[in-house]
There are 2 protein chains.
Amino acid sequence: MYLCLMYSSELIKGTLKTIVLKLLSDNQKMYGYEITQKVKELTGDKIQITEGALYPSLHSLEAEGILSTETVNIGKRVRKYYSLTKKGKGTSHEKVSEFADFMNTMKFLLDIRPQV
Amino acid sequence: MYLCLMYSSELIKGTLKTIVLKLLSDNQKMYGYEITQKVKELTGDKIQITEGALYPSLHSLEAEGILSTETVNIGKRVRKYYSLTKKGKGTSHEKVSEFADFMNTMKFLLDIRPQV
DNA sequence: AAAGATACATAAGTTTCTTATGTATATAAG
DNA sequence: CTTATATACATAAGAAACTTATGTATCTTT
């Protein structure tokens, strides 16, 4: 069986928002750094979300009205919690369902072996 | 159960080369247009590879030594067949295996429901 | 005191795709 | 017969999403 340390970056492209929305639908509220660590932990380091990818993505989801934010002071440091809006909960389910459907299609496509 | 007509374009990003390499590992040789039609057919129009994406991708795979080409004249028209080189056969298996591994990881990641 | 972890942010550059355009032949429809 | 659609290639401009690099600042461990 095949095992790799980390996936090639093209593979992960397009899945970032789905992952973030799913985590937020399971955890009510999370902050950016927490999301990066959670994904690293849950995937055994196979998927590592970089901050340069995550923060702009969170900002755009907020601008779309999918996420709302709450800023909390931790000592002298600021922590920005994100949570799904009502609209965001719908978007989250749609994205996860779409990805599940996509995985079925890809599984079918990559399993076929006609001529050879 | 969720069903969609076509996947959002971000989702498909990064999977094009994997799909092409898998088709070529099952069919020995195919030409560009044939690949677009085959994918459309096999996925019930859910994945539609555009020629603007496919041809540059085929060219770069050829430049990397993963594909080799053979030009055939069909009447007055030209058809360019692509097939996997020896190196390409290895790459094809790797890409498909990597994607299968990635799907397992994503399935796990998107199924988790702890706190809620 | 320094190194590493926590925590945010942005900007330049790259890759990969979409959309548009171009060329040309073959076939089906009106 | 001529127009639309399908076949078959190709490239180029622009958009989107990421990587890599950089910046700021605090907290904790060594």
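The figures that follow rest on heavy atoms only: side chains count, while hydrogens, waters and symmetry mates do not. Every chain is numbered from 1 and lettered A, B, ... according to where its sequence line falls, protein lines coming before strand lines.
Pairs passing the salt bridge (charged side-chain N to carboxylate O under 4.0 Å, His left out) check and including a residue from residues 82-96 of chain B, sequence neighbours excluded, read A:Glu10-B:Lys95. Evaluation of the salt bridge (charged side-chain N to carboxylate O under 4.0 Å, His left out) test over residues 75-85 of chain B, restricted to residues two or more places apart or in two chains, returns none. Residue pairs satisfying the ring-ring contact (aromatic ring centres under 6.0 Å, His included) criterion with at least one member in residues 8-36 of chain B, sequence neighbours excluded, are listed as follows: B:Tyr31-B:Tyr81.
When side chains are defined from C-beta on, B:Leu24 does not count as touching B:Ser92, because their heavy atoms never get closer than 4.5 Å. Side-chain atoms of A:Ile19 and B:Met106, non-hydrogen and from C-beta on, do get closer than 4.5 Å to each other. Within the 4.5 Å cutoff, no side-chain heavy atoms of B:Glu64 are placed close to those of B:Thr91. Using a 4.5 Å heavy-atom cutoff, the side chains of B:Asp45 and B:Met6 are not in contact.
A heavy atom lying under 4.0 Å from DNA chain C marks the following residues of residues 50-61 of chain A, by number: A:Glu51, A:Gly52, A:Tyr55, A:Pro56, A:His59. Looking at residues 70-83 of chain A, you'll see A:Gly75, A:Lys76, A:Arg77 sit with a heavy atom under 4.0 Å from some atom of DNA chain D.
Taking the 5' to 3' direction, DNA chain D first and last meets chain B under 4.0 angstrom from a heavy atom at D:dA6 to D:dA17.
When rounded to the nearest whole Å, the span between CG of B:Leu11 and C1' of C:dT18 equals 16 Å. For the pair B:Ile49 CD1 and C:dT16 C1', the interatomic distance rounds to 13 Å; values are reported in whole Å. If you take OH of B:Tyr7 and C1' of C:dC17, they are 18 Å apart, rounded to a whole angstrom.
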Under 3.5 Å, side-chain donor or acceptor atoms of residues 65-73 of chain A against the rest of the protein: list the pairs with distances, not counting sequence neighbours.
unit_1: A:Ser68; atom_1: OG; unit_2: A:Ser83; atom_2: OG; d: 3.4
unit_1: A:Thr69; atom_1: OG1; unit_2: A:Glu62; atom_2: OE2; d: 3.1

Expected list for residues 53-61 of chain A: side-chain donor-acceptor pairs under 3.5 angstrom, two or more places apart:
unit_1: A:His59; atom_1: ND1; unit_2: A:Tyr55; atom_2: O; d: 3.4
unit_1: A:Ser60; atom_1: OG; unit_2: A:Lys17; atom_2: NZ; d: 3.2
unit_1: A:Ser60; atom_1: OG; unit_2: A:Ser57; atom_2: O; d: 3.2

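For B:Tyr7, the ring pair (Phe, Tyr, Trp, His ring centres under 6.0 Å) test picks out A:Phe102, with sequence neighbours left out.
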